[in-house]
Each structure stands twice: as structure tokens, then as C-alpha cells.
Amino acid sequence: MMSDEESQSGSVMAVDVQQLVKKKDIIEAQIKAYYDILEAQSKAGMDEPLVDVEGYPRTDINVYEVRTARHNIICLQNDHKALMKQIEAGLHQLHARDREKHRMDETQVHQEVMEQENSIRSAFAKIDTVSPGSPASIAGLQVGDEIIEFGSVNTENFQNLQNIATVVQHSEGKPLSITIIRNGQNVHIGLTPQRWSGRGLLGCNIVPLQN
């Protein structure tokens, strides 16, 4: 893995490209200013002769100023070309990094999906019935919910329904953390076993899943 110093020296950041673009804009403004000078000198341009037909320096223009402007334009255009290559290389590196980040994000999502699928297979029991008005119904449990965790009971230590019954008996009036699978998603529910108008402390029927 690269150190911070290595990553800074060997990797182009977005701010670096922005600085290069600013330099490009400045150079373009300078080139335009020198072209304006040439335009003001009887439209001398980059190629117009600086001598008259008899070979004498033209008197209608400032020859020194025109030569200086032409020289500076050529130098600036070379700088501009080099900057454009740097900007192109920087953008290419940024885009490559974005593609790599996107690929890593997709890999992470795939891993999370795989982990979720693994957790889906870890359910050990299922809600068979839920009585209206019962603690289970009030907590939001539904028929078909598959149980991953019921208090301290999970796939690793679940042996039979007596495990759940014991947890319920010792948790009367105390909230239990229940994790279930519903529509392919893990859902966390707080369930407090307590006496109600019906039988038991939950008001739902739980059956073990057949593996």
C-alpha cells in the first residue's frame, strides 16, 4: 500500500488538474493579448513581412514590438501544448481511478449481497401464526417471518423450541431483540413477552425450519 507521500507524488488529484486548467486559461489570455498587439500594429499578424519592398524596416509598425509579440506567442503556444498534454494525462488518470473505485464499489456490494445471502440461510425457525392484539402482533411480527436470532438463541445454539420457550419465560416484561428475514431482508424487532388476553406470553406460533 502506498504511503501518503508516495500517493501525493505519484498520483494526480482533481485539484492538480484544476490548477493546470487555470494555467491554461492564463496562457490563452496572454496569447490573445499578444495577438491584440499584432492586430493593433497594422494587422501585422504572425507572417506579415517586417520590411518594405526595398528591404528597409517598415515605418508603419513598431518592428521590435511585433517581433517580441510573435516570439512570446510562439513560446506561449508551446507552453500551452505541453499543458494540454498534462491536462489530458491527468484527466485520464482521474477517470482510470474513478473506474477502479467503481469496480471496487461493485465488488463490495457483491460481497455484502453474498454476506446477506449467507445470513438468509442461517434462519432456524419460522412464525406460523400471529394472534391479533398479541405482544407478537404489536411488535410487528408476521406470518412467514423466518427467525435468525431470538434473544440469545441463534442458529449455532438452537436445538429445539424449548430453547425459545426458556428465553421467553425468563424475559417476561423485558424487551427481547429479534432478528428475522422478511422479503429477503433482515429486519430487527423488539418484542416484550407479557401476559395478554390470549394464551402464552407471545401470541404467536413458532415452528422449526426443516434443514
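What you see below is based on every heavy atom in this structure, not just the backbone, and it leaves out hydrogens, waters and symmetry mates.
- Under the ring-ring contact (aromatic ring centres under 6.0 Å, His included) criterion, Phe150 pairs with no residue at all, not counting sequence neighbours.
- Remark: the backbone N or O of Ser137 is paired with a side-chain donor or acceptor of Ser134 at under 3.5 angstrom.
- A donor-acceptor contact shorter than 3.5 Å links the side chain of Asn154 to the backbone of Asn157.
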Quiz: residues 19-28 side-chain donor-acceptor pairs under 3.5 angstrom, not counting sequence neighbours:
unit_1: Lys24; atom_1: NZ; unit_2: Glu28; atom_2: OE2; d: 3.3
unit_1: Glu28; atom_1: OE2; unit_2: His80; atom_2: NE2; d: 2.9

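- Considering every non-hydrogen atom in both Val168 and Pro193, the closest pair reads CG1-CB, 3.9 Å.
- Judged purely by atom type and a 3.5 angstrom limit, Asn183 has no side-chain atom pairing as donor or acceptor with the backbone of Gln185.
- Annotation: the span from Gln86 atom CD to Leu91 atom CG amounts to 11.5 Å, rounded to 0.5 Å.
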Begin from the C-alpha positions of His95 and His92 and carry the test side-chain contact (heavy atoms from CB on, under 4.5 Å) through to its verdict. CA-CA 5 Å; His95 291 157; His92 178 75; 5.8 Å; no
Test log, rule side-chain contact (heavy atoms from CB on, under 4.5 Å), inputs Ile127 and Gln142: CA-CA 7 Å; Ile127 305 296; Gln142 299 177 10; over 6 Å; no
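- Taken to the nearest 0.5 Å, the CG atom of Leu202 stands 5.5 Å off from the CG atom of Leu191.
- When all heavy atoms are compared, the tightest approach of Trp196 to Ser131 is CH2-CB, 3.6 Å.
- The line from OG1 of Thr129 to CD1 of Ile206 is 9.5 Å long, rounded to the nearest 0.5 Å.
- Of the possible donor and acceptor atoms, one in the side chain of Asn163 sits under 3.5 Å from a partner among the backbone N and O of Gln159.
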